[in-house]
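In the text below, chain A, chain B and the rest are named by the order of the sequence lines, each starting its count at 1. Model, not experiment: these values are computed from the prediction.
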2 protein chains.
Amino acid sequence: MILQIDFKAGKPVYLQLVDQIRYAAAAGRLRPGEPLPSIRPLAEELRVNRNTIAKAYAELESQGVIETLPGKGCFLKVNSSPFTKPVRDKLLLTEIDEAVVMAHHLQIGRDKFLALVQERLDYFERKSTQHDSAE
Amino acid sequence: MILQIDFKAGKPVYLQLVDQIRYAAAAGRLRPGEPLPSIRPLAEELRVNRNTIAKAYAELESQGVIETLPGKGCFLKVNSSPFTKPVRDKLLLTEIDEAVVMAHHLQIGRDKFLALVQERLDYFERKSTQHDSAE
DNA sequence: TTTGCTGTCCTAGAACTGTAGGACAGTGGG
DNA sequence: CCCACTGTCCTACAGTTCTAGGACAGCAAA
């Protein structure tokens, strides 16, 4: 887990961490069951308060991405997504709609949009299978 | 333009308006060149300060979605997107990646994801052509 | 010009958010 | 048990954000 934060990015540090960890999990760079860096050492390394890391982990836990074993640490969840199917569908639909609306305003056509989507799906799929076999 | 705001949604009012207008434009419910509701009447109707509406419009203008003609009002832009191609690509890619990462964590597979994307593309396309011809 | 509309700038206060430090609770090896 | 580690809760404060009201500038019809 290589985590980097940008203090002058405008974006809150804890959200930068949330995004990076979500992304890393989707790319297979962080695998189910694997432990996340523990809060205090990571806080020291990144030069932030431990509660900033704790807040990121709490957010990830509420999203069902990680789980906390009291006294042991935080781990990437094996079976992600604690939400019901309708809730999951709604969450995803919102994201998809945002992308589709964005494409409209950027005047990017259906074909190019679909090509980009497939490209990114390939990218994440390739990455995660790489990490499954080798690494 | 039917705009509705939810004061207990947690989301800032001006952002609710930005989203609704972007969405309406993408769905063809608001067409290029068409005027937006003027600030003061809309503010009164929605029971918010005029600056809240003004802030939403300012944000939309900075996104290249609408334009302001001094003394006349705000109108949906005809040729949207004042950004360069690399910037547009990066903006869209960010949105797409968010959706793809979300799908991963919701354990929604590639096929269902692609089906949903196409469904939403169809939805917006259909809506906007409906509004082009009829109504 | 006057009137009434359009959006805009400036300022201010209330509310919220992000970050931080102290004290506490669960776990496991010596 | 005791110590060193794990994460958590509580409180606090600085900074930002959101919303709001007053005064101002551009446009157009009477």
Side-chain angles (χ1 to χ4, degrees), chain A residues 1 3-22 25 30 33-78 82, chain B residues 1 3-22 25 30 33-78 82:
Chain A
M1 277 300 318
L3 292 168
Q4 283 185 324
I5 55 183
D6 178 3
F7 287 102
K8 51 186 180 339
K11 191 169 190 173
V13 171
Y14 85 97
L15 280 183
Q16 292 184 39
L17 295 174
V18 168
D19 284 351
Q20 284 182 45
I21 291 167
R22 281 177 69 87
L30 190 62
E34 196 172 326
L36 278 73
S38 33
I39 288 182
R40 270 162 245 245
L42 181 57
E44 197 175 352
E45 185 190 327
L46 299 178
R47 310 290 187 117
V48 294
N49 188 275
R50 53 203 150 77
N51 282 331
T52 301
I53 312 289
K55 187 168 188 175
Y57 284 10
E59 173 65 23
L60 286 164
E61 181 155 36
S62 86
Q63 291 177 8
V65 174
I66 69 174
E67 65 186 334
T68 300
L69 306 188
K72 298 181 126 184
C74 294
F75 303 84
L76 192 62
K77 258 203 178 176
V78 182
Chain B
M1 276 303 315
L3 292 169
Q4 283 184 324
I5 56 183
D6 178 2
F7 287 102
K8 51 187 179 337
K11 193 170 189 172
V13 171
Y14 85 98
L15 280 183
Q16 293 184 39
L17 295 174
V18 167
D19 284 351
Q20 285 182 45
I21 291 167
R22 281 176 68 86
L30 190 61
E34 195 172 324
L36 277 73
S38 33
I39 287 181
R40 270 162 245 249
L42 180 58
E44 197 174 353
E45 186 190 326
L46 298 180
R47 312 290 186 118
V48 294
N49 189 274
R50 53 206 150 74
N51 281 333
T52 300
I53 312 289
K55 186 168 189 177
Y57 284 9
E59 174 64 24
L60 287 164
E61 181 155 38
S62 84
Q63 291 178 8
V65 174
I66 69 175
E67 65 187 334
T68 300
L69 305 187
K72 299 182 124 183
C74 294
F75 303 84
L76 193 62
K77 257 202 176 176
V78 181

Write down the distance between CG (N51(A)) and P (dT6(D)), rounded to a whole number of angstrom. 15 Å

Minimum heavy-atom separation for P82(B) and G64(B), please, with both atom names. CD-CA, 3.7 Å

Sorted by number, the residues of residues 61-76 of chain B with heavy-atom contact under 4.0 Å to DNA chain C: T68(B), G71(B), K72(B), G73(B), C74(B)

Here the gap from L36(B) atom CG to F75(B) atom CZ, rounded to the nearest 0.5 Å, amounts to 9.0 Å

For DNA chain C, the residues among residues 12-20 of chain A that have a non-hydrogen atom under 4.0 Å from it: P12(A), V13(A), Y14(A)

At their closest point, which heavy atom of P35(B) faces which heavy atom of L30(B), and how far apart are they? O-CD1, 4.5 Å

Side-chain donor-acceptor pairs under 3.5 Å in residues 3-17 of chain A, sequence neighbours left out?
| unit_1 | atom_1 | unit_2 | atom_2 | d |
| --- | --- | --- | --- | --- |
| D6(A) | OD1 | K8(A) | N | 3.1 |
| K11(A) | NZ | D19(A) | OD2 | 2.4 |
| Q16(A) | OE1 | D6(A) | N | 2.9 |
| Q16(A) | NE2 | D6(A) | O | 3.0 |
| Q16(A) | NE2 | K11(A) | O | 2.9 |

With side-chain hydrogen bond (donor to acceptor under 3.5 Å, both in side chains) as the rule and sequence neighbours excluded, what pairs involving residues 36-56 of chain A come up? none

Euclidean distance, atom CZ of residue R50(B) to atom P of dC24(D) [Å, nearest integer]: 13 Å

Excluding sequence neighbours, so at least two apart, what forms side-chain contact (heavy atoms from CB on, under 4.5 Å) with Q63(A)? V18(A), R22(A), E59(A), L60(A), V65(A)

Provide the start and end nucleotides, 5' to 3', of the part of DNA chain C that has atoms under 4.0 Å from heavy atoms of chain A. dG18(C) to dG28(C)

With no hydrogens and no angle check, is any side-chain donor or acceptor of E34(B) less than 3.5 Å from a backbone partner on L76(B)? no

Want to settle it: does K55(A) or S38(B) sit nearer the 5' end of DNA chain C, counting the closest nucleotide to each? S38(B)

Please give, in whole Å, the distance from dG7(D) C1' to E59(A) CD? 17 Å

Provide the closest heavy-atom pair for T68(A) versus C74(A) in the form atom of the first, atom of the second, distance. OG1-SG, 3.4 Å

For the OH atom of Y57(B) and the CD1 atom of I66(B), what is their distance to the nearest 0.5 Å? 6.5 Å

Calculate the interatomic distance between N49(B) atom CG and dA20(D) atom C1'; express it in whole Å. 4 Å

